[in-house]
Amino acid sequence: MWKHVLALIIKEFRALLKDKRSRIVLTAPPIIQLLVFGYAATYDLNRIPFAVYDEDNTALSRLLVDRFNGSKTFQSIGRLTHVGEVAPVIDNKQALMVLHIGPRFSDDLAVGQKTSLQVIVDGRNSNTALLVLNYVHTIVYDFSVEWALHNQHPPPPAELVIRALYNSNLLSQWFIVPGIIGLLTLVVSLLVTALSVAREREEGTFDQLMVTPLRPVEILIGKSVPGLIIGLIESTFTILIAVWWFEVPLRGQIGALYLGLFLFLLASIGIGLMISSLSVTQQQGLLGAFLFLVPAVILSGFATPIANMPEVLQDLTLINPLRYFLIIARGVFLEGARIEQLTMQFWPLILIASVSLASAVWLFRRRMY
């Protein structure tokens, strides 16, 4: 039995590697996607374009503006001379924010009175606007504390000291890149297996496969192993890139990460084989893979928290294997999680893998006979 299965595994590898297009699909897209997602998919804002409308125009107001100009987060596009220029600058997306300093800014501070600043933010993207306001608040608060101490005024009565666990610098790459490992692993394993049986049917070799001594279970094992090995190799490559290129800390047990990866691959391969068993052509297999892939990514917690989704969709995420692997990957990388701490994520993957692989065998056998 195992001799025949090994021969089928070797045949599958040869079929994948002899085709130039298959080699390119397995190597180039994961590398490109890792680099693009790693750099482009970020929640951080850099070089925020802003304008200044300074009606005070004193040394103190210029000192505050210099705080913004000296920050790596903000990039000045110039000064405004009258209020009529404020709206067009934001409407035309020349500036994301306008800092308006009133005419009595320095006078009020000199006599110890409270003063106010106006920040006009482009609210078309609410998440970006909130991030901008947080950055502005930090700069203005630091300026106020230093000015109060320098002029012997009482500082603000309470000071908020923030410490972020697991990601002290709040770098979004540390959150996104471990998730990309699961995303790329799902894409590669799903494509390899979803096209395997469909390729046999399309090329006319499926009937030849049926007259071999192999049983349906053995055929599916032979179809699964190449996807499993390729998925492990590509995942290892992305893990190395995450650690050595993006410098994401790997704090937990590497064994816990690879156990989760192995179970995740089994679940993904089972789903891919189900799609492949139902597909007559490779085009159908490809469409079926993407039909599953897009909702799986959206409902995984990769970009948006699952807790913010409607309850119906939260329940739907329970059958999504990517959801559990993202928790495992981010737990191992950032939290230093160990195997015993991730048990609640392992057993759903085992259940999904068992159901999907069993369903693939049933569907394949039914389509055969």
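On a predicted model such as this, the values are computed, not experimentally measured, just so you know. All residue numbers in this chain count up from 1 along the given sequence.
Residues Thr185 and Ile181 have side chains in contact (heavy-atom distance under 4.5 Å, counting atoms from C-beta outward). Counting only heavy atoms from C-beta outward, the side chains of Ile176 and Phe302 approach each other to under 4.5 Å. Side-chain contact between Thr317 and Tyr324: absent, with no pair of heavy atoms (C-beta onward) separated by less than 4.5 Å. Between Phe290 and Leu190 the shortest side-chain heavy-atom distance does not fall below 4.5 Å. Leu99 is listed as a side-chain neighbour of Val119, based on a closest heavy-atom distance under 4.5 Å. Inter-residue side-chain proximity for Asn69 and Phe50 is flagged as met; some heavy-atom pair is nearer than 4.5 Å. Two residues are said to be in side-chain contact when any heavy atoms from C-beta on lie closer than 4.5 Å; Leu342 and Leu259 fail this criterion. Between Glu234 and Leu184, every side-chain heavy-atom pair lies at or beyond the 4.5 Å cut-off.
Grouping Ile, Leu, Val, Met, Phe, Trp and Tyr by side-chain contacts under 4.5 Å, direct or through others, leaves Leu291 on its own.
Annotation: Gln118, atom CD; neighbour count of heavy atoms from other residues, nucleotides and ligands within 6.0 Å is above 12. Heavy-atom neighbours of Phe246 CZ from other residues, nucleotides or ligands within 6.0 Å: above the threshold of 12. The local environment of CD in Glu340 is crowded, with over 12 non-hydrogen atoms from other residues, nucleotides or ligands closer than 6.0 Å.
Shown here for Ile230 and Val188, the closest heavy-atom pair between the two residues is CG2-CG1, 3.8 Å. Counting all heavy atoms, side chain and backbone alike, Ala289 lies closest to Leu191 at CB-CD2, 4.2 Å. Taking both residues in full, the closest heavy atoms of Gly285 and Ile275 are given as O-CG2, 3.7 Å, listed atom of the first, atom of the second, then distance. Nearest heavy-atom pair across Ala256 and Ala337 is CB-O, 4.5 Å. Of all heavy-atom pairs spanning Ser356 and Ile271, the tightest one is CB-N, 3.8 Å. Looking at every heavy atom in both residues, Pro178 comes nearest to Val248 through CG-CG1, 4.1 Å.
Ser106 and Asp56 share a side-chain donor-acceptor pair at under 3.5 Å.
By the rule that hydrophobic residues join a cluster once side-chain heavy atoms approach within less than 4.5 Å of another member, Val294 and Leu286 end up as members of separate clusters. The hydrophobic clustering, which links ILVMFWY residues whose side-chain heavy atoms are closer than 4.5 Å, places Leu351 and Val361 apart. Leu318 is connected to Leu322 through a chain of hydrophobic side-chain contacts under 4.5 Å among Ile, Leu, Val, Met, Phe, Trp and Tyr, so both are in one cluster. By the rule that hydrophobic residues join a cluster once side-chain heavy atoms approach within less than 4.5 Å of another member, Val89 and Val52 end up as members of separate clusters. Placement of Val136 and Ile90 in two distinct hydrophobic clusters is found when ILVMFWY residues are connected by side-chain heavy-atom separations under 4.5 Å, directly or transitively.
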Applying salt bridge (Lys or Arg N to Asp or Glu O under 4.0 Å), run through Asp54 and Arg79 and close with a yes or a no.
-> CA-CA 8 Å; Asp54 185 1; Arg79 290 175 172 267; 3.7 Å; yes
Criterion side-chain contact (heavy atoms from CB on, under 4.5 Å) on Phe292 and Met274, from CA distance to verdict | CA-CA 11 Å; Phe292 171 80; Met274 289 172 60; over 6 Å; no
Given Met309 and Leu316, is the side-chain contact (heavy atoms from CB on, under 4.5 Å) satisfied, shown in steps?
-> CA-CA 10 Å; Met309 300 178 186; Leu316 192 59; over 6 Å; no
Under the side-chain contact (heavy atoms from CB on, under 4.5 Å) criterion, do Trp147 and Leu60 qualify, and how do the steps go?
-> CA-CA 10 Å; Trp147 182 88; Leu60 189 58; 3.6 Å; yes
Derivation and outcome, side-chain contact (heavy atoms from CB on, under 4.5 Å), residues Leu64 and Phe105 = CA-CA 11 Å; Leu64 174 60; Phe105 175 74; 3.9 Å; yes
Might you work through the side-chain hydrogen bond (donor to acceptor under 3.5 Å, both in side chains) test for Ser235 and Tyr258, ending with a clear yes or no?
-> CA-CA 9 Å; Ser235 301; Tyr258 271 90; over 6 Å; no
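A salt bridge between Lys93 and Asp122 is absent, with no side-chain N of the basic residue lying under 4.0 Å from a carboxylate O of the acidic one.
Classified by interplanar angle (parallel below 30°, tilted 30° to 60°, perpendicular above 60°), the ring pair Tyr135/Phe74 is perpendicular. Between Phe325 and Phe264, the angle of the ring planes stays under 30°, which puts this pair in the parallel group of the 30/60° scheme.
To the nearest 0.5 Å, atoms CG (Leu250) and CG (Leu334) are separated by 9.5 Å. The CD atom of Gln314 sits 8.0 Å away from the CZ atom of Arg323 when rounded to the nearest 0.5 Å. Taken from CG in Leu63 to CD in Glu146, the straight-line distance is 8.5 Å, to the nearest 0.5 Å. Atoms CD1 and CG, on Ile180 and Leu326 in that order, are 10.5 Å from each other to the nearest 0.5 Å. The CD1 atom of Ile229 lies 13.5 Å from the OG atom of Ser189; values are rounded to the nearest 0.5 Å. In this structure, CD1 on Ile327 lies 10.5 Å from CE on Met344, to the nearest 0.5 angstrom.
Of the possible donor and acceptor atoms, none in the side chain of Asn92 sits under 3.5 Å from a partner among the backbone N and O of Gln94. The backbone N or O of Arg67 sits nowhere less than 3.5 Å from a side-chain atom of Ser71 that would complete a donor-acceptor pair. With hydrogens and angles disregarded, a donor-acceptor distance shorter than 3.5 Å links the side chain of Arg330 to the backbone of Phe175. In terms of modelled atom types and a separation under 3.5 Å, the side chain of Ser300 and the main chain of Val297 share a donor-acceptor contact.
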